[in-house]
Amino acid sequence: TTNGPVVPLGYADPGDVLAYDCSPLRWRIPQVREDPASNPWLLRLAVERATGTVIGLANFHAPPDERGMVEIGYRVVAEHRRQGYGREIATTMWRAAAAHPDVHVLRASVSPDNEASLAIVRAAGFVQVGQEWDDEDGLELVLEVAASDVVFAQSPG
């Protein structure tokens, strides 16, 4: 159920990607209200061009911090997984971040049993620099790569 504001998307969202109670909106809306300049770093929808359907989302958790680090979060709707969308979403976000002069480090926090996401970040050159406990997601491996060293996936086609 949606407990937050209803947002007209202009796209079909059968996976309810932006359901307020289970999406990053519950964190990102307060962030933007507190600091409107953070908005360009936050939520993006992944829309399948052919159907106009929302198939996932991506966001950085915040603008670059004092060391120039940005952390990515992304999700692909279950029925669209294992089709290359996760890699395309992550690569698109990393390209944008790496091109920004304030970004020096890219970070991803991934569950140790999320083999698909681990494969994506490791193929991009990320290496484990630690681990952390997330109250919502449990144990996560923390992986980073210098923005200048990220390996971008080739675009399909």
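From a predicted model like this one, the values you see are computed outputs, not experimental measurements.
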Check your understanding: Do M93 and F152 belong to the same hydrophobic cluster, where Ile, Leu, Val, Met, Phe, Trp and Tyr are linked whenever their side-chain heavy atoms lie under 4.5 Å apart, directly or via other members?
Key -> yes
Point to revise | Heavy-atom closest pair, residues A147 and V103 | key: CB-O, 3.8 Å
Check your understanding: In Å, rounded to the nearest 0.5 Å, how long is the span from CE of M69 to NE2 of H104?
Key -> 12.5 Å
Review point. Does any non-hydrogen side-chain atom of Y74 lie less than 4.5 Å from one of L57?
Key: no
Exercise for review: Could you pull out the closest heavy-atom pair between A119 and R87, with the gap in Å?
Suggested key: O-NH1, 4.3 Å
Revision key, fill the gap. Rounding to 0.5 Å, atoms CD (E115) and CZ (R122) come to a distance of 9.5 Å
Exercise for review: Using a 4.5 Å cut-off on heavy atoms from C-beta on, say whether the side chain of V145 contacts that of V151.
Suggested key: no
Point to revise | Euclidean distance, I120 CD1 relative to L143 CG, rounded to 0.5 Å | key: 12.5 Å
**Study point:** Side chain R81, main chain V76, donor-acceptor under 3.5 Å
**Key:** yes
Study note, to complete from the structure: Here the gap from F60 atom CZ to H100 atom NE2, rounded to the nearest 0.5 Å, amounts to 10.5 Å
Check your understanding: Which atoms form the tightest heavy-atom contact between H80 and Y85, and what is the distance?
Key -> O-CD1, 3.2 Å
Practice item. Please round to the nearest 0.5 Å and tell me the distance separating atom CG of L45 and atom CD1 of I89. Key: 10.0 Å
Check your understanding: Around atom CD of E132, are there more than 12 heavy atoms of other residues, nucleotides or ligands at under 6.0 Å?
Key -> yes
Point to revise | For the student: nearest non-hydrogen atoms of S117 and V110, plus distance | key: CB-CG1, 3.7 Å
**Study point:** V105, V127, V121 screened by side chain to side chain contact (heavy atoms under 4.5 Å, CB included) with E144, the one that passes
**Key:** V105
Point to revise | Test item: V70 and L106 side chains (from C-beta on) under 4.5 Å apart, heavy atoms | key: yes
Check your understanding: Under a 4.5 Å cut-off applied to non-hydrogen side-chain atoms, are L141 and F126 in contact?
Key -> no
Review point. To the nearest 0.5 Å, how far apart are CD1 in I55 and CZ in R75?
Key: 11.5 Å
Study note, to complete from the structure: S109 and V142 have their tightest heavy-atom pair at OG-CG2, 4.0 Å
Review point. What is the minimum heavy-atom distance between I72 and A108, and which atoms define it?
Key: CG2-CB, 4.0 Å
Check your understanding: Got a donor-acceptor contact below 3.5 angstrom from the R44 side chain to the P40 backbone?
Key -> yes
